[in-house]
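Because the structure is a prediction, the values reported are computed rather than measured.
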Amino acid sequence: MDAESNQSEEAQGLRLIRAFLSLPPDKRAEVIAFVEELARAQGRPEAGTEVSPT
């Protein structure tokens, strides 16, 4: 990645944070629950495989 795309990604991240913080508390809680569920789903190993310590 070059510096320009890095700055673009940082700007995108800041916009997402600003949008999140502008949500009412109940909607923030919904977003957090949704992201946690996505993280759990992606963290699950395939059947028959072992999880390696990180």
Side-chain angles (χ1 to χ4, degrees):
M1 271 195 249
D2 60 3
E4 188 175 314
S5 69
N6 244 357
Q7 288 176 349
S8 176
E9 289 178 8
E10 287 177 11
Q12 178 75 18
L14 291 173
R15 283 192 292 272
L16 288 170
I17 291 169
R18 182 177 288 157
F20 174 77
L21 292 175
S22 70
L23 292 172
D26 60 324
K27 293 295 182 184
R28 284 188 206 172
E30 287 181 34
V31 171
I32 291 169
F34 177 73
V35 170
E36 287 175 342
E37 182 59 33
L38 282 177
R40 277 192 292 276
Q42 295 224 342
R44 291 184 185 138
E46 296 290 322
T49 61
E50 293 183 18
V51 176
S52 61
T54 53

Report summary line: Taken in chain and number order and not counting sequence neighbours, the residues that satisfy side chain to side chain donor-acceptor pair (under 3.5 Å) with Glu37 are Arg40
Query raised in the report: Who are the side chain to side chain contact (heavy atoms under 4.5 Å, CB included) partners of Val31, not counting sequence neighbours?
Result: Phe20, Leu23, Val35
Query raised in the report: Got a sec, which residues hit side chain to side chain donor-acceptor pair (under 3.5 Å) with Arg15, two or more places apart in sequence or on another chain?
Result: Gln12
Query - Joint cluster assignment, Leu38 & Leu16, ILVMFWY side-chain distance < 4.5 Å - result: no
Query raised in the report: Which residue pairs satisfy the side chain to side chain donor-acceptor pair (under 3.5 Å) criterion with at least one member in residues 17-28, sequence neighbours excluded?
Result: none
